[in-house]
Amino acid sequence: MLLTNNLGYPRVGAFRELKKANEAYWAKKISAEELLDAAKQIREGNWKTQKDAGIDLIPSNDFSFYDQVLDLSLTVGAIPARYNSLLNKIDRNYNLDLYFAMARGFQQEGVDVTAMEMTKWFDTNYHYIVPEFTKNQEFKLTSEKFLNEYNEAKASGIETKPVLIGPITYLLLGKEKEAGFDRIDLIENLIPVYEQILGKLAEAGAQYVQIDEPFLALDIDNKTRALYQTVFEKLSAAAKGIKLIVATYFEALRDNEETAVNLPVHALHLDLVRGENQLDTVLAKIPASLTLSLGVVEGRNIWKNDYEKSLGQIKKAVDALGKDRVWIAPSSSLLHVPFDLDNEDNEESLPKEVKNWLAFAKQKLAEVKDLAILAEGEVDAKTAERFEANKAAAESRRTSPLIHKPEVKERTANITDDDATRTSPFANRKAAQQAKFNLPAFATTTIGSFPQTKDVRKWRADLKKGSITQEQYDKEIAEETERTIRLQEQLDIDVLVHGEFERNDMVEYFGEQLAGYAFTKNGWVQSYGSRCVKPPVIYGDVYRPADMTVRWSAYAQSLTNRPVKGMLTGPVTILQWSFVRNDQPRSTTTYQIALAILDEVQALEKSGIKIIQIDEPAIREGLPLRKADQQDYLNWAVRAFRVSSSNVDDDTQIHTHMCYSEFNDIIEDIAAMDADVITIETSRSQMELLDAFAGDFKYPNDIGPGVYDIHSPRVPSTDEMVNLLRKAKAVVPAEQLWVNPDCGLKTRAWPETKAALESMVEAAKILRAE
Ligand code: GLN
Ligand code: ZN
């Protein structure tokens, strides 16, 4: 009998109920009891949904108020010392105050502690709270969340499979907070807590426990690889009859296959979407005792499963292992996809035909069950019908004229090296641009957006609701743009921007105007804590039916004699922050977007905008998880940027912008983008990030290292910025330097924006005089 297995379920609620409850609790609008109750309802709803869908192995302990890694830190007592004064606030169930203090900082009742650091969960857009470890760190069982949730489900009549992040992955996800030790060596101290956890779950009657070890699918060293064997020997001894499942995801096992299949556990979960080809090699070496959980339904994207293809994989496994040793599952936790497609009813932004190609979390459960029934062979009428519908949807996707635009495919296929190369080398371009713009040394500019005030957001909302007309809206935007141009003139900034008031979001704004894009109404995915994002969906060949930004850029330019910089989002960032097609390589989709951006660049150029910025903040985060795959990605990512920016005049100045990035290991690729100017975020690191540009490899083009942090309302002094610029000048030749903030100013208010920019221009002038 083929069992169905689910690794994790989205927990923010179909309509972001958890976000709302959390935020109400933080604002002291609801009590802890009310928050706990809201959470309980979400959990029970999720369990019931999974039960109704016919899932056999339903996860528990996958719920989290904020983050599952933070939950584990609290469970094993990895609580940094700065929270000691909050320990007495430990609450019977969830330690709420301490927990949220670790997540978000705490500034009340005379206590003032900072939050723990947050970083991206593998290559997803989910962020986890980074565990902090000290030398000789002790661990002790501090929270029984895993047990409470198991018992809670049991009490409501549902047997669940508790989920734990594995001990090796947990340590690797963390950070050493002092020198002199390797965090992986803390394993000795940590294992006893896991043994206790398993003991308690065994006592409570748990039959299965899922232990997530995604690092088994990443690059690890021999020492870690060997550790897996010894750690799981101990865990399985402590499991007292519980069947342990090791879950891997986001990549194939590759060089860790041997290790993974020989762990002394009941089952191993494989991601057969990211690691499609590993099934054959795993089947070739699998020992007779191991069950395989086949992650065939994609947990990271929103496309319907291709049943015929999945059934091929399942059949292969069943032929080798028999039905009892094969489970059907999503590839990873469903945390990374939206809740329920049935809540989408806006045909204008999500056409019916496109909707028919999609599956959100709830639909994916049904797919898992369908596949199990189909593979089992005793097919009822309803499942047979769903199989036919699935085939029809796959066929419609292969052929739909909504998706397939031969002209776009042809143009993309015919991109040449010439299309990806500027006419002249940088030195010649720089001379031509200097002749054209005659900018001073340490030229000043900003990154694009100016404050998105309540008013600006209200105009947009009113336009959407229909309570103001397009003309009224345009008039407001025009006036705000003009005020912003005048202000920049007054401040004596050299290269102006129009302010981006007409934009909601730097990807959505372009997605809405590009062909091949769809939008959801409730397609929320957790990004961190209570923050959710609603990524647009690229479903078809992308092209640009009409100008996207020319109007407001040209309008802004018409108001002033100073150059106004056109403002675009780059192809890799547009790709990275969307749900993307799985019917062609990511690189192909990126090239299509690059050509659409190129068309916009040329339209801007034609309208007289000769400085154009193409933002690529997401280049770094697109890096594949495995080192062996990274260069290939960098090659096409850089080339796509070049396609979007090369076919322009020598005296057209291309800028790019990147934030939250470390550049050390990719600096040559960043240089290969060949933007005339790159602006980067450097102020919070006190210009340390700039070192990457001036190491053994000298970055050849112009650089604007951010001189002030735009994430805080604090206004930096002129002196501070002068000092940062002097630091920059010590490593990068002065002729290469620009002066600008770290990033766009849209989250700031006007008063601090004006004050900070005034000081920034003054700082630039001081440096010019030196
Ligand atoms: N041009 C964008 C802005 O200023 C850049 C945003 C970003 O880099 N995240 O808002
Ligand atoms: Zn930025």
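Numbering starts at 1 and runs along the sequence shown. Start at 1 and go down the list; that is how both ligands and their atoms are numbered.
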The ring pair (Phe, Tyr, Trp, His ring centres under 6.0 Å) partners of Y66 (sequence neighbours excluded) come to none

Can D505 and K746 be counted as an ion pair, charged N to O under 4.0 angstrom? no

Under 4.0 Å between a side-chain nitrogen and a carboxylate oxygen: does that hold for D599 and R411? yes

Are R486 and E489 within salt-bridge range, i.e. N to O under 4.0 Å? yes

Under the side chain to side chain donor-acceptor pair (under 3.5 Å) criterion, do T679 and H657 qualify, and how do the steps go? CA-CA 5 Å; T679 55; H657 165 72; 3.1 Å; yes

Kindly write out the residues that satisfy side-chain hydrogen bond (donor to acceptor under 3.5 Å, both in side chains) with K606, not counting sequence neighbours, or none if the list is empty. none

One line per pair, note the atom names and distance for all nitrogen or oxygen contacts under 3.5 Å between ligand 1 and the protein.
residue	atom	partner	partner atom	Å
ligand 1	1 (N)	I447	O	3.1
ligand 1	1 (N)	E500	OE2	2.9
ligand 1	1 (N)	D615	OD2	2.7
ligand 1	4 (O)	I447	O	3.4
ligand 1	4 (O)	S449	N	2.9
ligand 1	4 (O)	S449	OG	3.1
ligand 1	8 (O)	H657	NE2	3.1
ligand 1	10 (O)	S449	OG	2.7

Under 2.8 Å from the Zn ion (ligand 2) - protein N/O/S, by chain and number: H657 NE2, C659 SG, C743 SG

Taking K610 first and then D651, would you say they form a salt bridge - that is, a charged N and a carboxylate O separated by under 4.0 Å? yes

Does the salt bridge (Lys or Arg N to Asp or Glu O under 4.0 Å) test come out yes or no for K475 and E471, once each step is laid out? CA-CA 6 Å; K475 185 165 165 282; E471 288 73 55; over 6 Å; no

Would H336 and F250 count as a close aromatic pair, with their ring centres under 6.0 Å? yes

